[in-house]
Amino acid sequence: MTTATPQPGQLIVITGPSGVGKGTLLRQLRQRHPELALSVSATTRPPRPTEVEGVDYYFVSMEEFKGMIASGKLLEWAEFAGHYYGTPRDPLLQLIEEGKTVILEIELQGARQVRQSYPQARHIFILPPSLTELEHRLRSRGQDSEEAIARRLAQAETEIAAASEFDVQIVNDDLEKSLIALETAIFSPAA
Ligand code: 5GP
């Protein structure tokens with residue numbers, strides 16, 4: 001008996017400034033659609049108190065990260081606010097081969113690299129209602145130092161200026177509305 005090869009899955013790239021609420025949106029999305037796969041990135045950033053190795057990130061040293069770049073293990077990588085972040089290539093391609101829809105939550109430079117190396121991906125940008133609201137959200141989550149917040153806000157302005165490069169833009173001012181917009185963006189058939 002032969003087993004049918006599954007149709008290849010889809011790659012969804014989600015980008016948006018730090019503090020815009022991507023984490024909350026993605027957690028809710030996964031609850032509604034457990035079949036969606038989230039790629040786990042490698043980073044040189046130290047873990048936050050609630051983060052779990054292998055679930056939120058693979059926390060690696062700079063040396064390990066450089067080794068991953070040198071051996072071609074990363075589909076894309078970037079430096080963001082003083083730390084390095086990258087997407088392990090093989091587990092991602094394996095999931096797509098199995099027919100899964102895989103979500104990459106990455107920053108702008110990485111999203112641009114994926115557009116080059118994997119043009120079939122669908123790119124979604126999450127916008128804050130305003131920069132003032134973004135600053136408020138970054139401060140109120142209480143996870144980052146003043147210096148880190150300032151770096152993240154500066155980076156946010158650059159990222160927001162590039163929002164039009166993305167296939168879909170969603171303003172995250174209401175969680176439920178944003179979730180529906182995200183579901184539409186992910187599950188609507190390719191144009
Ligand atoms: P955080 O330190 O807040 O977890 O993440 C900082 C930024 O890095 C976020 O914009 C997040 O989307 C991005 N990021 C997380 N993983 C990756 C990755 O594998 N590649 C790239 N390019 N960016 C990532």
Side-chain angles (χ1 to χ4, degrees), residues 1-18 20-43 45 47-48 50-60 64-65 67-69 71-78 80 84-127 159 163 165-170 172 175-191:
M1 213 171 76
T2 55
T3 326
T5 317
Q7 285 286 320
Q10 226 202 330
L11 184 57
I12 307 281
V13 175
I14 298 186
T15 302
S18 186
V20 79
K22 287 166 295 179
T24 309
L25 274 170
L26 288 179
R27 264 192 303 281
Q28 299 272 341
L29 186 75
R30 278 291 296 286
Q31 273 178 13
R32 293 191 190 188
H33 305 280
E35 76 281 8
L36 292 174
L38 258 179
S39 165
V40 179
S41 300
T43 185
R45 169 171 74 61
R48 294 176 179 140
T50 57
E51 287 179 329
V52 178
E53 162 72 21
V55 176
D56 297 289
Y57 282 106
Y58 297 107
F59 296 97
V60 299
E64 286 171 297
F65 197 91
M68 292 170 96
I69 298 173
S71 55
K73 288 211 163 68
L74 299 176
L75 177 76
E76 60 72 38
W77 64 272
F80 181 92
Y84 287 80
Y85 297 82
T87 303
R89 180 197 306 271
D90 288 353
L92 174 82
L93 296 181
Q94 172 75 36
L95 286 164
I96 292 180
E97 219 169 273
E98 287 167 11
K100 293 256 167 45
T101 296
V102 186
I103 299 193
L104 285 189
E105 193 251 280
I106 60 177
E107 54 66 69
L108 179 63
Q109 301 306 319
R112 287 176 171 159
Q113 291 169 44
V114 175
R115 194 172 296 118
Q116 295 297 318
S117 62
Y118 198 91
Q120 312 92 302
R122 192 173 288 192
H123 290 252
I124 302 170
F125 195 89
I126 314 287
L127 285 155
E159 295 206 309
E165 292 175 19
F166 288 69
D167 302 313
V168 180
Q169 295 81 22
I170 297 172
N172 188 20
L175 180 62
E176 186 57 30
K177 273 203 314 211
S178 302
L179 263 174
I180 292 170
L182 198 51
E183 288 177 318
T184 307
I186 293 172
F187 296 110
S188 59

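Values in this document were obtained by computation on a predicted structure and should not be read as measured data.
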To the nearest 0.5 Å, what is the distance between [atom1] on [X] and [atom2] on [Y]?
{"X": "Leu92", "Y": "Ile103", "atom1": "CG", "atom2": "CD1", "answer": "11.5 Å"}
{"X": "Leu104", "Y": "Ser41", "atom1": "CG", "atom2": "OG", "answer": "7.0 Å"}
{"X": "Ile12", "Y": "Leu36", "atom1": "CD1", "atom2": "CG", "answer": "8.0 Å"}

Inset, instruction - Verify side-chain contact (heavy atoms from CB on, under 4.5 Å) between Arg122 and Ser188, making sure each step is shown before the conclusion. - result: CA-CA 11 Å; Arg122 192 173 288 192; Ser188 59; 3.3 Å; yes
Inset, instruction - For the pair Phe166 and His123, name the ring-plane relationship: parallel under 30°, tilted 30 to 60°, perpendicular over 60°. - result: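 If you compare the ring of Phe166 with that of His123, the planes turn out perpendicular.
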Inset, instruction - Kindly assign one of parallel, tilted or perpendicular to the pair Phe65 and Trp77, based on the angle between their ring planes and the thresholds 30° and 60°. - result: perpendicular
Legend entry - Glu76 bridged to Arg112 by N-O distance under 4.0 Å: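 No salt bridge links Glu76 with Arg112.
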Inset, instruction - May I ask you to decide whether Arg30 forms a salt bridge with Glu183, counting only side-chain N to carboxylate O separations under 4.0 Å? - result: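 No, Arg30 and Glu183 are not salt-bridged.
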Legend entry - Side-chain donor/acceptor of Glu51 to backbone N/O of Arg48, under 3.5 Å: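 Looks like yes, one N/O pair under 3.5 Å.
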Inset, instruction - Examine the side chains of Gln109 and Gln113 and answer whether a donor and an acceptor come within less than 3.5 Å of each other. - result: no
Legend entry - Aromatic Phe80 / basic Arg45 pairing, under 6.0 angstrom, 45° off normal: no
Inset, instruction - Mark yes when over 12 heavy atoms from residues, nucleotides or ligands other than Glu35 sit less than 6.0 Å from its CD; otherwise mark no. - result: yes
Legend entry - Qualifying residues under salt bridge (Lys or Arg N to Asp or Glu O under 4.0 Å), relative to Glu105, sequence neighbours excluded: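 Here the qualifying residues are Lys22.
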